[in-house]
Number of protein chains: 2
Amino acid sequence: MARPRTPLLNRERIVAAALRLIDEEGLAALSTRRLAAELSVSGPSLYNHFATKDEILDAVVDTVIGEVDLSMFGADGPPWPQALRDWARSYRAALAAHPNIVPVLAQGPGRRPNALRLADAVFGHLVDAGWPRGQATRIGALMRYFVTGSALASFAAGFPADAGVYDAADYPHLGEAHRLAGHGGRVDEGAFETGLEALLDGLALRFERLVARP
Amino acid sequence: MARPRTPLLNRERIVAAALRLIDEEGLAALSTRRLAAELSVSGPSLYNHFATKDEILDAVVDTVIGEVDLSMFGADGPPWPQALRDWARSYRAALAAHPNIVPVLAQGPGRRPNALRLADAVFGHLVDAGWPRGQATRIGALMRYFVTGSALASFAAGFPADAGVYDAADYPHLGEAHRLAGHGGRVDEGAFETGLEALLDGLALRFERLVARP
DNA sequence: ACCTGAACACCGTTCAAGT
DNA sequence: ACCTGAACACCGTTCAAGT
């Protein structure tokens, strides 16, 4: 077969297969040959739809970012602390569903439309709420730090379940660390919520000081 | 030449060359062949010192983690908020000096001794300071989220310097975003400090409540 | 326009051969 | 013990050839 009457591939199908491969086997498993095989075509076929493998990755990343809810930044949304809370939860949920792609996505928006829309919505909402532009930029940055960091990898799963690793002579306080991996999601969920609320409290404190002496 | 009288390679030299390569050209530039060439040996020579490329990467990561100052968690260190502040700054500085390796390092301590020592020191200090063990775990996790997220990539550099990217119709609030990349370090530094202080304020609030009703 | 196989310069790793 | 070249099964990408 050379050219089929209806195309075998399109960008959407390629992106979906790439994301599935990354989710199930990691970023390193995404090769153009492997991806093509999943789609039952030969490797070079992909180059009819994307110029490079990096462009495929870019499209995957923007698809994931597109899942983040931004509706709380609309005109009749909640006050900024609640909007930030709702957004951070949705942001983390979208990223944590695809942890293997977070290192790519954390490089910043680049020219990806969904990522730029997200940055625009957060910054705009904070400025409209009364934050000075410089502060609004910093809040956008520090929220991304926290959310990407929390989605990049599970804290709990980073500790081997093998109790033999934690020699009491070397690590006197890690005697229970081998049980962390078992608690998995709950530890990370709790840490994210604690950190988010602490951040919001700290920011609210700064906002009060800002309004008190403008 | 087959076996030289004094070995051409050792683990230290390999790790140093690997880190230099990663810093200067990114994680993708680290191939065993390329690394071997930097050390003026043939590719397979590396396998006399490490079993796999992943083991080399592990050693690189633990070297970087080893640069983090943990002295503030000693017996006569400062109270926990100041210790956490000093540690977070040193942690970020060590990681931000090698951003390309952060995605690897963020996977958790695994069996790497310096990473386990770090986790042990933070957790032990918080528990000794009076935090319940569950809370201390969460604080260790959320601090890692924030620090790795802030070291993974520059927020400012993620926005293209090309003003043409930010079409006012699509992104009404990003009119000045093209200037971010120029401000580079200062934006990220400010965001990190703001986030760190906000987090510490929020945690202090929680600690007060904890002590008030034990 | 959209697919193919062949080809190029790369990978990580194994292994027999050298000293 | 520690290095080498050859070899294997992989990579991303280009390109001429097919319909």
Side-chain angles (χ1 to χ4, degrees), chain A residues 1-62 100-101 103-105 107 110 112, chain B residues 1-62 100-101 103-105 107 110 112:
Chain A
M1 165 218 340
R3 171 156 115 92
R5 276 191 277 92
T6 80
L8 296 174
L9 294 180
N10 57 54
R11 292 174 64 101
E12 242 180 30
R13 286 196 60 226
I14 294 171
V15 167
L19 183 54
R20 196 173 348 104
L21 204 48
I22 291 168
D23 284 345
E24 289 172 8
E25 308 189 33
L27 204 54
L30 182 77
S31 74
T32 55
R33 285 165 147 102
R34 179 73 198 285
L35 175 56
E38 298 279 333
L39 293 160
S40 306
V41 297
S42 80
S45 301
L46 301 169
Y47 291 85
N48 286 297
H49 304 270
F50 290 95
T52 62
K53 180 182 162 181
D54 267 356
E55 267 194 19
I56 300 178
L57 219 44
D58 239 44
V60 171
V61 164
D62 214 38
N100 296 332
I101 201 140
V104 183
L105 163 162
Q107 299 306 311
R112 289 180 271 101
Chain B
M1 166 216 342
R3 172 156 114 92
R5 276 192 277 94
T6 79
L8 295 173
L9 293 180
N10 58 51
R11 292 172 65 101
E12 241 180 31
R13 286 196 60 225
I14 294 170
V15 168
L19 182 54
R20 196 172 349 106
L21 204 48
I22 292 167
D23 284 344
E24 289 172 8
E25 308 190 31
L27 204 53
L30 182 76
S31 74
T32 55
R33 286 167 148 100
R34 178 73 198 285
L35 175 56
E38 299 278 334
L39 293 159
S40 306
V41 297
S42 81
S45 301
L46 300 169
Y47 290 86
N48 287 296
H49 303 271
F50 290 95
T52 62
K53 180 184 163 180
D54 267 357
E55 269 194 19
I56 300 178
L57 219 45
D58 240 44
V60 171
V61 165
D62 214 38
N100 296 333
I101 201 140
V104 183
L105 162 164
Q107 299 305 310
R112 290 180 268 102

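Predicted model only: the values in this text are computed from it and were never measured. By convention in this document, chain letters (A, B, ...) are assigned in the order of the sequence lines, proteins followed by strands, and residues within each chain are numbered from 1.
- Heavy atoms of Leu30(A) sit under 4.0 angstrom from primed sugar atoms or phosphate atoms, though from no base atom.
- Look at CG on Leu46(A): it is 13 Å from C1' on dT4(C), rounded to the nearest Å.
- Expressed to the nearest 0.5 Å, how far CG of Leu46(A) lies from OG1 of Thr52(A) amounts to 11.0 Å.
- Toward the 5′ end of DNA chain C lies the nearest nucleotide of Asn48(A), the other residue of the pair Arg33(A) and Asn48(A) mapping further downstream.
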Given the rule in the side-chain contact (heavy atoms from CB on, under 4.5 Å) test, do Phe50(B) and Leu9(B) qualify, once you have shown the distances and angles that lead to the verdict? CA-CA 11 Å; Phe50(B) 290 95; Leu9(B) 293 180; over 6 Å; no
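- Closest approach to the Thr32(A) side chain among dC3(C), dT13(D), dT13(C) is made by dT13(D) (side chain taken as heavy atoms from C-beta onward).
- For the pair Arg34(A) CZ and dC11(D) P, the computed distance is 8 Å after rounding to whole Å.
- Across all strands shown, dT14(C) forms a Watson-Crick or G-U wobble pair with dA6(D), both key distances being under 3.5 Å.
- The side chain of Ser45(B) contributes no N or O atom lying less than 4.0 Å from OP1 or OP2 of dC2(D).
- In this entry the distance linking NZ of Lys53(B) with P of dC10(D) reads 17 Å, nearest Å.
- Tyr47(A) has its OH atom 19 Å from the C1' atom of dA17(D), to the nearest Å.
- Of the nucleotides present, dT19(D) is the one that pairs with dA1(C) by Watson-Crick or G-U wobble criteria, both distances under 3.5 Å.
- Atom pair Phe50(A):CZ and dT14(D):P shows a separation of 16 Å (rounding to whole Å applied).
- Atom CG of Leu35(B) is separated from atom C1' of dC3(D) by 15 Å (rounded to the nearest Å).
- Counting only heavy atoms from C-beta on, Pro44(B) has its side chain closest to dC15(C) among dC15(C), dC3(C), dC11(D).
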Start with the C-alpha gap between Asn10(B) and Arg13(B), add the side-chain angles, then the distance that decides, and say whether side-chain contact (heavy atoms from CB on, under 4.5 Å) holds. CA-CA 6 Å; Asn10(B) 58 51; Arg13(B) 286 196 60 225; 3.5 Å; yes
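- As rounded to whole Å, 12 Å separates atom P of dC2(D) from atom CZ of Arg11(B).
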Evaluate the criterion side-chain contact (heavy atoms from CB on, under 4.5 Å) for residue pair Leu30(A) and Leu57(A); output intermediate values, then yes/no. CA-CA 9 Å; Leu30(A) 182 77; Leu57(A) 219 44; 3.7 Å; yes
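- Considering only side-chain atoms of Leu9(A), the nucleotide from dC3(C), dA6(C), dC2(D) that sits closest is dC3(C).
- Rounded to an integer number of Å, the gap from Leu57(B) CG to dT13(C) P is 11 Å.
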Report the C-alpha distance between Leu39(A) and Leu8(A) in whole Å, list the side-chain angles of each, state the deciding distance to 0.1 Å, and finish with yes or no for side-chain contact (heavy atoms from CB on, under 4.5 Å). CA-CA 9 Å; Leu39(A) 293 160; Leu8(A) 296 174; over 6 Å; no
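- Checking dC3(C), dT13(C), dA1(C) against the side-chain heavy atoms of Arg3(A) singles out dA1(C) as nearest.
- Within the structure, a side-chain polar atom (N or O) of His49(A) is placed less than 4.0 Å from OP1 or OP2 of dC3(C).
- In the set dC2(C), dC11(C), dC3(D), dC11(C) carries the atom at the smallest distance from any side-chain atom of Ser31(B).
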